[in-house]
Amino acid sequence: MNLFQHFRERILGVIGNLAAEGRLPGDLSTGRITVEPPREADQGDVTTNAAMVLAKPAGIKPRDLAELLAERLGGLESVAGADIAGPGFINMRLEDAFWHARLAEILRAGPAYGDSAMGGGAAVNVEFVSANPTGPLHIGHGRGAVIGDALAALLGKAGYTVTREYYINDAGAQVEALARSLHLRYLVAVGEGKYATLEILKSSGDLRYGGDYLQPVAEDLALRDDKKWVEKPEAVWLEPLRGFAVEAMMGLIKADLEALGIRFDKFTSERDLVARGAVDDALKFLEDRDLVHTGVLEPPKGKVPDDWEPRPQVLFRATRFGDDVDRPLKKADGSWTYFATDIAYHLDKFRRGFKTMIDIWGADHGGYVKRVQAAVQAVTEGAGDLDVKVCRLVNLLDDGRPVKMSKRAGSFVTLRDVIDAVGKDVVRFIMLSRTNDKPLDFDLVRVTEQSRDNPVFYVQYAHARVCSVMRHAAEIFDAGALRAETLAEARLQRLSAPSELGLIKLMAGWPRLVEGAAETHEPHRVAFYLNDLAAQFHALWNKGNDDASLRFIVPADRELTAARLALVQGVAYVIASGLMVFGVTPLEEMR
């Protein structure tokens, strides 16, 4: 339980006691009572709106009720005083000993500090990346990959049971085009077909997928099957070559994700989903509830495509669930639309036990959100919830200049190129340094600069500085005295400076940050928090540089030194706890 929940329960206890004494009605609804940090540090440590929201139903003026509550709250253990602000907000100031106890908690918990039981073990499915298996991942995929993985870790820390899932779009025209590109390269590899060399083939314009990443796959196919597919018609080789290409591309994708430190719990194939009748099953589910009809849609807004014509279509009644129009389930040739398979896929997830589903999508899918959320409401009959996080574009720069295309991919910069250039930890942290709905500039030069403007360096440097302090302390104290459990027993009351207490208060807010970020599905909050924590720590370090009495190690005062070492070790643990959510390794030294 975070400290604000702790005080909320204590406030509810005070309200209950007043009701038992007949000074307040016994049936007051307390659901709207909030307990949170005040906006300004000089307003105290904890603020509540209890008097404001209970005044009217209690038949008491807000200010009068605030005075009644403040009198009781001021007498609670660890509360140094309770003041009334404005029309009835109550600000509580907590004793220094309360904060010293929180630092001891951090030291005893270590990097596990902030772990929460909020989720109660509830199952959550986080589906992310899910790039078409037609080539290596590009830098844009990397943003969704990191956000999805960090969100899954954050939910796990908050007490949810999380499944990371990848949906393989291995059905449809794109993977068939991949198979045809593979076949053309294969013909060159075995010395057959109308193209004598690979260079001639590339210049022909016949390759839908022209990146060099497909060439080793063609050579592997030629080595395995020799000229088996040379004289065969497309109807014979298309399916086996599609499977061969998809398997190879998924191998590339998994290797790229592994380089980024990401592993999935489950891979689901769209093709398998269709083959086992899941789409037919989902359509029947909707038909049985009168959520499918045949109709004619209005022409698309804006410029109407030349091949558009009004025709009867099988439509899902998406407008019943908040969408703008009803949505087609079948194409003109009678095959399923992508939307139809997406409905089946989300129904499949729900039937596997996931009432809460989170999808991480690229910017080009932003217009698709409402229809899929409508479908989830329909097939789960309101019992399921889908949150979609749309990741905006990543602008890859090199000292302010746009980066050119990758030779291997042929049309974009691969994720692996970026990982190889700056390292996975830098990629992961920078991808989480802005909200997912804002474009991100990723400058290969600036993300490796050692400056305050580089959030990766700034946070890592704080952790490395702590490690440096502890190494110097080892020259004065024996190893046992520097153990966290020993430091937790130090005379922490020696930490009385506002800057020291302020740092403890910020660290004590980490559990609340974890729960809030998990509840809103916003892992970027962790980056903002870590930056604030690093800033306060660096400021304290700089004060020690200016004034020797403020240094962490004061050889003439071992008791004070032990207390300050407890403080800096706490900083290291909280930074490590946050970086573990991000999948970033805390550094002990900066190169």
Side-chain angles (χ1 to χ4, degrees), residues 127-138 140-141 144 165-185 206-211 213-214 217 233-254 264 266-283 286 297 300 305 307-308 311 313-316 318 327-349 359-369 371-372 375 388 409-412:
E127 184 235 315
F128 57 107
V129 187
S130 297
N132 290 329
T134 53
L137 299 176
H138 59 63
H141 293 134
E165 186 157 340
Y166 189 117
Y167 182 49
I168 306 173
N169 298 113
D170 53 355
Q174 293 192 55
V175 290
E176 289 184 356
L178 178 71
R180 294 186 182 101
S181 294
L182 173 61
H183 186 254
L184 288 170
R185 287 174 177 271
D206 286 350
L207 285 175
R208 167 74 179 276
Y209 295 98
Y213 61 85
L214 199 55
V217 183
E234 180 179 292
V236 174
W237 57 254
L238 185 63
E239 174 58 22
L241 265 63
R242 183 206 62 78
F244 191 87
V246 167
E247 183 178 359
M249 293 303 98
M250 286 306 301
L252 277 180
I253 289 169
K254 289 177 182 179
F264 284 86
K266 183 173 177 59
F267 290 85
T268 296
S269 160
E270 176 188 3
R271 196 170 188 85
D272 289 347
L273 200 71
V274 174
R276 58 185 166 89
V279 184
D280 297 287
D281 186 36
L283 181 62
L286 296 173
L297 293 176
D307 60 351
W308 185 87
R311 62 180 178 84
Q313 292 178 278
V314 178
L315 305 173
F316 162 59
R327 301 293 180 177
L329 297 174
K330 286 191 174 182
K331 302 175 186 176
D333 62 3
S335 63
W336 297 114
T337 61
Y338 286 118
F339 178 52
T341 57
D342 279 342
I343 294 175
Y345 175 47
H346 286 85
L347 175 58
D348 177 71
K349 285 196 279 192
D359 289 0
I360 313 295
W361 293 352
D364 54 340
H365 289 80
Y368 206 64
V369 175
R371 73 188 68 180
V372 179
V388 179
S411 59
F412 55 81

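Keep in mind the model is a prediction, meaning the values are calculated, not measured. Computation of the quantities below employed the complete heavy-atom set of this structure, encompassing side-chain atoms and omitting hydrogens, waters and symmetry-equivalent molecules.
Ion pairing between a basic and an acidic side chain is recognised when a charged N comes within 4.0 Å of a carboxylate O; Glu165 and Lys349 show no such pairing. Looking at Glu239 and Arg271, a side-chain N of the basic residue comes within less than 4.0 Å of a carboxylate O on the acidic one, giving a salt bridge.
Seen from the ring of Phe267, Lys254 counts as a face-on cation partner, given the 6.0 Å and 45° thresholds.
Atoms OH and CG, from Tyr213 and Leu252 in turn, are 9.0 Å apart once rounded to the nearest 0.5 Å. Taken to the nearest 0.5 Å, the CG atom of Leu273 stands 10.0 Å off from the CG atom of Asp281.
In this structure, a donor-acceptor pair under 3.5 Å is absent between the side chains of Tyr167 and Asp359.
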For Gln174 and Tyr209, run side-chain contact (heavy atoms from CB on, under 4.5 Å): C-alpha distance rounded to whole Å, both residues' side-chain angles, the deciding distance at 0.1 Å, then the answer.
CA-CA 10 Å; Gln174 293 192 55; Tyr209 295 98; 3.6 Å; yes
Stepwise side-chain contact (heavy atoms from CB on, under 4.5 Å) check, His141 with Phe128:
CA-CA 9 Å; His141 293 134; Phe128 57 107; over 6 Å; no
From CA spacing to verdict: side-chain contact (heavy atoms from CB on, under 4.5 Å), Leu241, Arg180:
CA-CA 8 Å; Leu241 265 63; Arg180 294 186 182 101; over 6 Å; no
Checking side-chain contact (heavy atoms from CB on, under 4.5 Å) for the pair Asp280/Trp336: CA distance, chi angles, key distance, verdict?
CA-CA 10 Å; Asp280 297 287; Trp336 297 114; 3.5 Å; yes
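Considering only heavy atoms from C-beta on, Tyr345 stays 4.5 Å or farther from Glu270 through its side chain. You'll find the side chain of Val388 stays beyond 4.5 Å of the side chain of Val372, heavy atoms only. Between Leu214 and Leu178 the shortest side-chain heavy-atom distance falls below 4.5 Å.
Of all non-hydrogen atoms in Val236 and Pro240, the two that sit nearest each other are O-CD, 3.3 Å. Listed here is the closest heavy atom pair of Ala332 and Arg311: N-NH2, 3.3 Å. When every heavy atom of Ala282 is checked against every heavy atom of Ala344, the shortest pair comes out as CB-CA, 3.9 Å. In this structure, Val129 and Phe264 approach most closely via the heavy-atom pair CG2-CZ, 3.9 Å. Taking every heavy atom of both residues into account, Leu137 and Ala131 meet most closely at CD2-CB, 3.7 Å. Across all their heavy atoms, Pro328 and Thr337 have their closest contact at O-OG1, 3.2 Å.
Side-chain atoms of Ser181 do not come within 3.5 Å of backbone N or O of Leu207 as any donor-acceptor pair. Judged by distance alone, with hydrogens and angles left aside, the side-chain atoms of His346 form a donor-acceptor pair with the main-chain N or O of Asp342 at under 3.5 Å.
Relative ring orientation between Tyr368 and Phe339 is described as perpendicular, the plane-to-plane angle rising above 60° on a 0-90° scale split at 30° and 60°.
Each of Leu182, Asp170, Val217, Asn132 was compared with Met249 under the side chain to side chain contact (heavy atoms under 4.5 Å, CB included) criterion, and only Val217 meets it.
The neighbour count for Glu247 CD, taken as heavy atoms of other residues, nucleotides or ligands under 6.0 Å away, does not exceed 12.
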